[in-house]
2 protein chains.
Amino acid sequence: MATEKKLDCVILGLLSHEELTGYEIKKRMDTTLKYFWGASYGSIYPTLSGLVERGLATKRGDADNKRNKLIYTITNEGRDYLQQWLKAPAEKDELRYETLLKLFFGKEEGARQAIAHIDAFQEKIEKEMPYLLGAAETLRNCIAEDDTHKYYLLTVEFGLKTYRAYLEWCKEAKNMLAEDLQESRKGRNETC
Amino acid sequence: MATEKKLDCVILGLLSHEELTGYEIKKRMDTTLKYFWGASYGSIYPTLSGLVERGLATKRGDADNKRNKLIYTITNEGRDYLQQWLKAPAEKDELRYETLLKLFFGKEEGARQAIAHIDAFQEKIEKEMPYLLGAAETLRNCIAEDDTHKYYLLTVEFGLKTYRAYLEWCKEAKNMLAEDLQESRKGRNETC
DNA sequence: ATGAAATATATCATACTGATATATTATGAA
DNA sequence: TTCATAATATATCAGTATGATATATTTCAT
């Protein structure tokens, strides 16, 4: 089989758990999935249309169509397609960290600026941590109810592990750069 | 300023260290930068043309143009542009982990399949580790020579920290799923 | 009653990927 | 020496994604 479009599979995955509108799918992307995947409206809506065209999902209007909602449901063909993808080995695991990029070219801007980038990064991570911790706690409590929760928890644990590693790195990296600042201060005989 | 195209900045960053051809830029992407950024020929060559058009880089043929090389050099305007971007806070820090995605929807396929995905992920990481360790070692030894090395080292340390976290997670995640398998075996009264 | 926030879909210019095409040069084995 | 293979080098394109914007309705707090 030709390589599937990833977003087809992600959306089918979400639909395999529950019926959703495009808007709700976007919300899932921005909350639950955002730690390891993302998508914009500009790709979600066309992808949904494509899924319906190919018979992998169906679309219907809301009963009391107040909001002009379009609700999407996965079909049996859609489930088969999803299964195929889930069985195949993962192809792409990559990160795009602009912070690291700026750090890599950091000599141009100097230690002080580099530290500022790391601080901003650290702040972002620290702000996310409570959500991840909360999610992990919730999931651990309802893990017996439904097997899905166990798999959710696995991904949250991944997030926690890596976030803790990020924070450790932030600390060490800043220490290293701080030494640097002191050196240069001494070198140039500056005070404060 | 409107948001800059990231690849403009990445390429200018590379050119700020040395003159390069498009092919060499691609190699840098696939080796040094691949742990936190990526780009394909289909974006590198058009981006280089754009940089020349806008006066941020210049292009010249090789002296003995055996290979029909096109060598790109950063201009002063290019350096200014790069500085602007380096000073601005990072916008996008995201990862796209298909492994995590498949795991998130893992209930559909069951524990055995999930473990297989984690194994593949782990293998990939373990294979990369020696390169990162080697790079860190090399960089630590020549850190005094040139300040650039210190910033390279910072990004390698980031890679090492996160990769170690990944490996820890792999172990724990597989343990959790293995318990699962045992349970289901007991439940269904299977042997072996 | 009213303004702000949330819900909901759609579109578009710009950008990126992954594949493919094309051609040359270096390398190592037969 | 010759010949296949790997490496070097640029370019293009269909398919896909992003981020911004447009539009309209509904819910909610004041």
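What you see below is based on every heavy atom in this structure, not just the backbone, and it leaves out hydrogens, waters and symmetry mates.
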**Student:** If I take atom CG in residue A/D93 and atom C1' in nucleotide C/dT17, what distance separates them, rounded to the nearest angstrom?
**Tutor:** 16 Å

**Student:** Go through D/dA9, C/dT9, D/dG19 for me and flag the one nearest to the A/Y45 side chain.
**Tutor:** C/dT9

**Student:** Once you round it to whole Å, what is the distance between C1' of D/dG19 and CD1 of A/I44?
**Tutor:** 13 Å

**Student:** Could you tell me whether the phosphate oxygens of C/dT25, OP1 or OP2, come under 4.0 Å of any side-chain nitrogen or oxygen in B/K69?
**Tutor:** no

**Student:** Base, sugar-phosphate or nothing for B/K92? Non-hydrogen atoms, less than 4.0 Å.
**Tutor:** sugar-phosphate

**Student:** Of all the choices, C/dC16, D/dA9, D/dG19, which nucleotide is nearest to the side chain of B/T47 once you look at every atom?
**Tutor:** C/dC16

**Student:** Please tell me which of the listed nucleotides, D/dT12, C/dT11, D/dT10, lies nearest to the side chain of A/Y41?
**Tutor:** C/dT11

**Student:** Could you check whether B/Y97 and B/Y166 have their ring centres less than 6.0 Å apart?
**Tutor:** yes

**Student:** Starting from P on D/dT10, measure out to CD1 on B/I11 and report it in whole angstrom.
**Tutor:** 12 Å

**Student:** Mind calculating the distance between CD (A/E94) and C1' (C/dC16) to the nearest angstrom?
**Tutor:** 11 Å

**Student:** Give a yes or no answer on whether the side chain of B/W169 reaches the backbone of A/L154 with a donor-acceptor pair at less than 3.5 Å.
**Tutor:** yes

**Student:** If we fit an axis to the first five pairs and another to the last five of the helix from C/dA1-D/dT30 to C/dA30-D/dT1, what angle do they make, to the nearest 10°?
**Tutor:** 40°

**Student:** Quick check for you: among D/dT18, D/dA7, D/dA11, whose closest atom lies nearest to any side-chain atom of B/Y23?
**Tutor:** D/dA7

**Student:** Below 4.0 angstrom from OP1 or OP2 of C/dT9, is there any side-chain N or O of A/T21?
**Tutor:** yes

**Student:** Return the value, rounded to whole Å, for the distance between atom CZ of B/R28 and atom C1' of D/dA9.
**Tutor:** 15 Å

**Student:** Can you figure out which of C/dT11, D/dA17, C/dA8 approaches the side chain of A/K5 most closely?
**Tutor:** D/dA17

**Student:** Using a strict 4.0 Å threshold on nitrogen-to-oxygen distance, state whether B/R54 and B/E77 make a salt bridge.
**Tutor:** no

**Student:** Distance check needed: D/dT12 C1' versus B/K26 NZ, whole Å only.
**Tutor:** 15 Å

**Student:** May I ask you to say what A/K27 touches in the nucleic acid, namely base, sugar-phosphate or nothing, with a heavy-atom cut-off under 4.0 Å?
**Tutor:** sugar-phosphate

**Student:** Would B/E98 and A/W85 satisfy side chain to side chain donor-acceptor pair (under 3.5 Å), going step by step from the backbone distance to the final call?
**Tutor:** CA-CA 11 Å; B/E98 200 177 328; A/W85 173 69; 3.1 Å; yes

**Student:** Could you say whether B/G22 or B/R96 is positioned toward the 5' end of DNA chain D, judged by the nucleotide with the nearest heavy atom to each?
**Tutor:** B/G22

**Student:** Can B/D93 and A/R96 be counted as an ion pair, charged N to O under 4.0 angstrom?
**Tutor:** no

**Student:** Any side-chain donor paired with an acceptor under 3.5 Å for A/Y131 and A/Y35?
**Tutor:** no

**Student:** Just how far, in rounded Å, is P of C/dT9 from CZ of A/R60?
**Tutor:** 12 Å

**Student:** Can you classify the ring geometry of B/Y152 versus B/H149 as parallel (below 30°), tilted (30 to 60°) or perpendicular (above 60°)?
**Tutor:** perpendicular

**Student:** Output the single nucleotide from C/dC16, D/dA17, D/dT12 whose closest atom is nearest the side chain of B/S43.
**Tutor:** C/dC16

**Student:** Less than 3.5 Å apart, any donor N or O on the side chain of B/K174 or B/Q122 sitting next to an acceptor on the other?
**Tutor:** yes

**Student:** Could you give the NZ-to-P distance, from B/K6 to C/dA15, as a whole number of Å?
**Tutor:** 11 Å

